Amino acid sequence: MLGVTREHCYHILKGENVSKRQLQNMSRVLNLPIRDLYITPADIVSECDPYTIEFGRTEHYKASDIITFSKLSGRYGALSNMSTAYPIDLLGHHCYTSEHLFIALRFSGYPDLQKEILEYENAMWCKKIFVGSSKYKAYHHPNWHDADFDIEVMKYVINLKYEQNEGFRQLLNTTKGKIIVEDATMQRTNESVLKWGCQDLEKRDLINKTRSSVRRYISALQKEAISREETLKNPRTASAQKRHEQKMKQFESNIGKIQKIYEETLFEHCNYTLSGRNSMGKILTMIRDHGHIDYHLDYPLYFFEHEIK
């Protein structure tokens, strides 16, 4: 009825390669609301704890067991690789963020490209240009995704970040006793997102519905205002029209602020089922608890002319 093989369905039930469309199809076929496909918070038992971490395994977390980070402006946003709060210096080169170094190492053997990467201050733009674009794909490390080599490189990078930044160590220590999870709920679901972080599809649905409702509400108000304008016997004076437009803009701004507060509250407090392999969160959790994380670079890796050991 789903139009997929038994084997594919088995992988979906294991939490592998799940998409929103597949969940919607399962909901339709079973004639159940989509929320019934999720384990309720009271039933969730986190399968992972800080002392038995296994990379490559999909985890399912409940809110009481975890500390999440997503937006840079959030309480734990500086845990993100995109944060400029904790730069890294390596072999005479300055990296604005840990993401800069991670991207540069992807281009091992191409020092000119590495130099260009480190010149970008904004890590998000840097990633979009050098990783997201097909233009530079031919220059990627040939073994980058072999045997999770990229995860081993990330361990190396986070070790440096931990060693060089007292503030980073202090921030990690405030999460003691919890599993750290990168909340990628609002990102487009793909293999990379579920490899490095976790998603809560039900929470994403709630936020998207809220945004849609707000857009419809503002649109209805605008139509109502236009209709009222057309029924006026005398057009407003220029000053009255200006006051009216300012009032409408202020109203829209207030609605937007309420929407933002609602979404931030959902992110901070309303986790239903966060699922994913959470490699980034596991690295952060391990280095917090042990002060170092072992890494194994099975393929040659260069930063400019220096080989990383």
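This is a predicted model, so every value here is computed, not measured.
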(request) Might you work through the side-chain contact (heavy atoms from CB on, under 4.5 Å) test for D148 and F55, ending with a clear yes or no? (result) CA-CA 9 Å; D148 285 334; F55 286 93; 5.6 Å; no
(message) Between H141 and S108, is there a side-chain donor-acceptor contact under 3.5 Å, judged purely by atom types and distance?
(response) no
(message) What I want to check is whether the side chains of N159 and E163 have a donor and an acceptor closer together than 3.5 Å.
(response) no
(message) Within the 3.5 Å criterion, strictly below it, is a donor on D200 or T185 matched to an acceptor on the partner's side chain?
(response) no
(request) Report the hydrophobic cluster partners of L72, with the cluster defined as I, L, V, M, F, W, Y residues connected by side-chain heavy atoms closer than 4.5 angstrom, directly or transitively. (result) M82, M124
(request) Measure the spacing between CD of Q114 and SG of C95 and express it to the nearest 0.5 Å. (result) 9.5 Å
(request) Would you please test E245 and K242 for salt bridge (Lys or Arg N to Asp or Glu O under 4.0 Å) and show each step? (result) CA-CA 5 Å; E245 290 173 357; K242 187 175 181 179; over 6 Å; no
(request) Taking the side chain as every heavy atom from C-beta outward, state whether Y96 and P87 have any pair of such atoms under 4.5 Å apart. (result) no
(request) Determine, using the 4.5 Å side-chain heavy-atom cutoff (strictly less than), whether L194 and V131 are members of one ILVMFWY cluster. (result) no
(request) Please check if any side-chain donor atom of Q22 sits under 3.5 Å from a side-chain acceptor atom of H8, or the reverse. (result) yes
(request) Run the salt-bridge test on E307 and K309 with the 4.0 Å N-O cut-off and return the result as yes or no. (result) yes
(message) Below 30° counts as parallel, above 60° as perpendicular, anything between as tilted: where do the rings of Y299 and F149 land?
(response) perpendicular
(request) Examine distances only and state if a side-chain atom of S213 and a backbone atom of K209 form a donor-acceptor pair shorter than 3.5 Å. (result) yes
(message) Under a 4.0 Å threshold between the charged nitrogen and the carboxylate oxygen, would E59 count as salt-bridged to R57?
(response) yes
(request) Describe, in one word, how the ring planes of F168 and Y86 are oriented to each other, choosing from parallel (under 30°), tilted (30 to 60°) and perpendicular (over 60°). (result) tilted
(message) Regarding S212 and R216, do their side chains bring together a donor and an acceptor under 3.5 Å, going by distance alone?
(response) yes
(request) Just do the side-chain contact (heavy atoms from CB on, under 4.5 Å) check on I151 and K195 with the steps written out, would you? (result) CA-CA 10 Å; I151 291 179; K195 175 178 184 175; 3.7 Å; yes
(request) Decide, yes or no, whether a salt bridge links E54 with R277 under the criterion of side-chain N to carboxylate O below 4.0 Å. (result) no
(request) Please name the pair of heavy atoms, one in S83 and one in G77, separated by the smallest distance, quoted to 0.1 Å. (result) CB-O, 4.1 Å
(request) Looking only at non-hydrogen atoms, find the nearest pair between I255 and Y217 and report the distance. (result) CD1-CE2, 3.8 Å
(request) May I ask you to decide whether K249 forms a salt bridge with E252, counting only side-chain N to carboxylate O separations under 4.0 Å? (result) no
(message) Between I293 and I308, is there shared hydrophobic-cluster membership here, with clusters defined by ILVMFWY side-chain heavy atoms closer than 4.5 Å?
(response) yes
(message) As a quick check of understanding, evaluate side-chain contact (heavy atoms from CB on, under 4.5 Å) for I53 and I283, giving each step before the final call.
(response) CA-CA 9 Å; I53 286 177; I283 290 172; over 6 Å; no
(request) I would like to know whether R211 and I207 meet side-chain contact (heavy atoms from CB on, under 4.5 Å); could you show each step before the answer? (result) CA-CA 6 Å; R211 291 176 179 175; I207 289 175; 3.6 Å; yes
(message) Between T189 and Q199, is there a side-chain heavy-atom distance shorter than 4.5 Å?
(response) yes
(request) May I ask you to check whether S192 and N190 show a side-chain donor-acceptor distance below 3.5 Å? (result) no
(message) Could you check whether atom OH of Y139 has more than 12 heavy atoms from other residues, nucleotides or ligands sitting under 6.0 Å from it?
(response) no
(request) Assign the ring pair Y295 / H292 to parallel, tilted or perpendicular, where the plane angle (0 to 90°) is split at 30° and 60°. (result) tilted
(message) If you define the side chain from C-beta out and look only at heavy atoms, does anything of L2 sit under 4.5 Å from M26?
(response) yes
(message) Could you see if I218 belongs to whatever hydrophobic cluster contains I258? Use Ile, Leu, Val, Met, Phe, Trp, Tyr and a side-chain cutoff under 4.5 Å.
(response) no
(message) Taking NZ in K137 as the centre, count heavy atoms belonging to other residues, nucleotides or ligands within less than 6.0 Å. Is the count above 12?
(response) no
(request) Nearest 0.5 Å please: distance from the CG atom of L274 over to the CD atom of E182. (result) 11.5 Å
(message) Can you confirm whether L221 sits close enough to F251 that some side-chain heavy atom of one is under 4.5 Å from a side-chain heavy atom of the other?
(response) yes
(message) Please report the interatomic distance CG(L101) to CD1(I88), rounded to the nearest 0.5 Å.
(response) 5.0 Å
(message) Once rounded to the nearest 0.5 Å, what's the spacing between atom CD1 of I103 and atom CD of E99?
(response) 4.5 Å
(request) Would you confirm whether T237, through its side chain, and A240, through its main-chain N or O, come within 3.5 Å as a donor-acceptor pair? (result) yes
(message) With a 4.5 Å cut-off on side-chain heavy-atom distances among I, L, V, M, F, W and Y, is there a chain of contacts connecting M280 to V193?
(response) no
(message) For K127, I'd like to know if atom NZ has over 12 heavy atoms of other residues, nucleotides or ligands within 6.0 Å.
(response) no
(message) Any heavy-atom pair between the side chains of I180 and K282 that's under 4.5 Å?
(response) no
(message) Tell me the closest heavy-atom pair linking A104 and I117, and the distance in Å.
(response) CA-CD1, 3.9 Å
(request) Kindly indicate whether the side chain of V153, heavy atoms from C-beta on, has any atom under 4.5 Å from the side chain of W144. (result) yes
(request) Could you tell me whether the side chain of E152 reaches within less than 4.5 Å of the side chain of D298, counting heavy atoms only? (result) no
(message) When you compare the side chain of D89 with that of Q164, does any pair of heavy atoms fall below 4.5 Å?
(response) yes
(message) For the CG atom of D65 and the NE2 atom of H60, what is their distance to the nearest 0.5 Å?
(response) 14.0 Å
(request) Taking all non-hydrogen atoms of both residues into account, name the closest pair between T174 and L171 and its distance. (result) OG1-O, 2.5 Å
(request) Would you confirm whether the ring centroid of F102 sits within less than 6.0 angstrom of the ring centroid of H100? (result) no
(request) Verify the distance criterion only: is there a donor paired with an acceptor across the side chains of Q246 and Q250 at less than 3.5 Å? (result) no
(message) Return the SG to CD1 distance between C198 and I66, rounded to the nearest 0.5 Å.
(response) 7.5 Å
(request) Report whether F130 and Y302 are members of the same hydrophobic cluster (ILVMFWY, side-chain heavy atoms less than 4.5 Å apart, transitive linking). (result) no
(message) Tell me if a side-chain donor or acceptor on R204 pairs with a main-chain N or O of Q187 at a distance below 3.5 Å.
(response) yes
(message) My understanding is that only one of T285, N165, L284, I67 makes a side chain to side chain contact (heavy atoms under 4.5 Å, CB included) with L172; could you say which?
(response) L284
